[in-house]
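Dropping the structure in here first, questions after.
When reading the values below, keep in mind they use all heavy atoms of this one structure, side chains included, and skip hydrogens, waters and symmetry mates. We count ligands from 1, going down the list as the structure has it; atoms in each ligand are counted the same way.
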Amino acid sequence: MIRTPAPVVILISGRGSNLRSIVEHRQRGELAIDIRAVISNKPDADGLRFAQAAGLPTAVVDHRDFASREAYERALMQQIDRHAPALVVLAGFMRVLGNAFVAHYHGRMINIHPSLLPAFPGLDTHARALAAGVKTHGASVHFVTEAVDGGPVILQAGMPVTADDTPASLAARVLREEHRIYPIAIRWFVEGRVTLRGDTLYVDGRPQSGPVQA
Ligand code: GRF
């Protein structure tokens with residue numbers, strides 16, 4: 001069966017290594033997506049330069065240009081919706097999103113987070129995981145809902161924490177897993193294998209009570 005590539009918009013704020021991984025999977029023919037735009041809230045994001053070099057359409061919607069979060073998010077929504085995406089992919093997009101924005105993309109916006117959610121939502125996850133003395137750590141891909149880093153988890157990858165780990169060593173190992181699992185989750189979504197109905201995650205038509213381990 002020939003599948004039409006699903007239109008996707010990717011939001012970034014910085015380095016863009018997850019963006020790069022997604023693009024590389026697409027280039028290898030492993031991800032049937034059409035990246036309609038890469039949008040950053042930061043004009044100097046390294047990921048924007050990568051996207052431009054890769055020939056992808058880019059846009060900047062700088063939150064500092066708007067008087068309120070509502071105005072910013074309305075403008076961002078307009079930019080995104082011009083491309084009629086089937087999926088909005090947050091790849092290191094470092095803005096907390098308001099309820100109207102999140103509701104607008106309910107069931108079609110996903111995020112990657114560097115922890116085994118629901119453990120360690122928010123920032124500095126690697127240092128917090130070490131301080132808490134956890135034995136395993138990892139990364140999660142989840143649908144975005146009103147609760148920050150709190151939506152249903154689609155896929156996660158865990159790894160042991162070792163005695164000599166530092167936040168940097170842990171971050172590097174987790175990032176490798178992020179680069180592996182985000183394209184998988186995106187593929188499942190565009191193949192229709194993963195859906196969100198209400199607040200319930202369905203994989204292959206079955207309601208899930210927990211994330212799939214990858
Ligand atoms: C990643 O660790 C991701 O999990 C988090 O922000 C970081 C983005 O990294 N949401 P990059 O911009 O994809 O390199």
Handout entry: Amino acids contacting ligand 1, non-hydrogen cut-off under 4.0 Å
Key =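 Within 4.0 Å of ligand 1, protein side: R15, G16, S17, N18, G92, I112, H113, P114, E178.
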
Exercise for the section: Identify the two heavy atoms, one from G47 and one from L19, that lie closest to each other, and give their separation to 0.1 Å. Expected result: O-CD2, 3.5 Å

Exercise for the section: Could you go through the salt bridge (Lys or Arg N to Asp or Glu O under 4.0 Å) check for E73 and R69 one step at a time? Expected result: CA-CA 6 Å; E73 291 183 358; R69 184 166 82 176; 3.8 Å; yes

Problem - R197 backbone acceptor or donor facing H106 side chain under 3.5 Å - result: no

Problem - Over 12 foreign heavy atoms within 6.0 Å of CZ, R128 - result: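 Result for CZ/R128: enclosed.
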
Exercise for the section: Tell me, yes or no, whether the heavy-atom count around D199 atom CG, taken from other residues, nucleotides or ligands under 6.0 Å, exceeds 12. Expected result: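 It does not: D199 CG has 12 such atoms or fewer within range.
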
Problem - D81 and Y105: CA distance, side-chain angles, deciding distance, side chain to side chain donor-acceptor pair (under 3.5 Å) verdict - result: CA-CA 10 Å; D81 288 352; Y105 297 106; 2.8 Å; yes

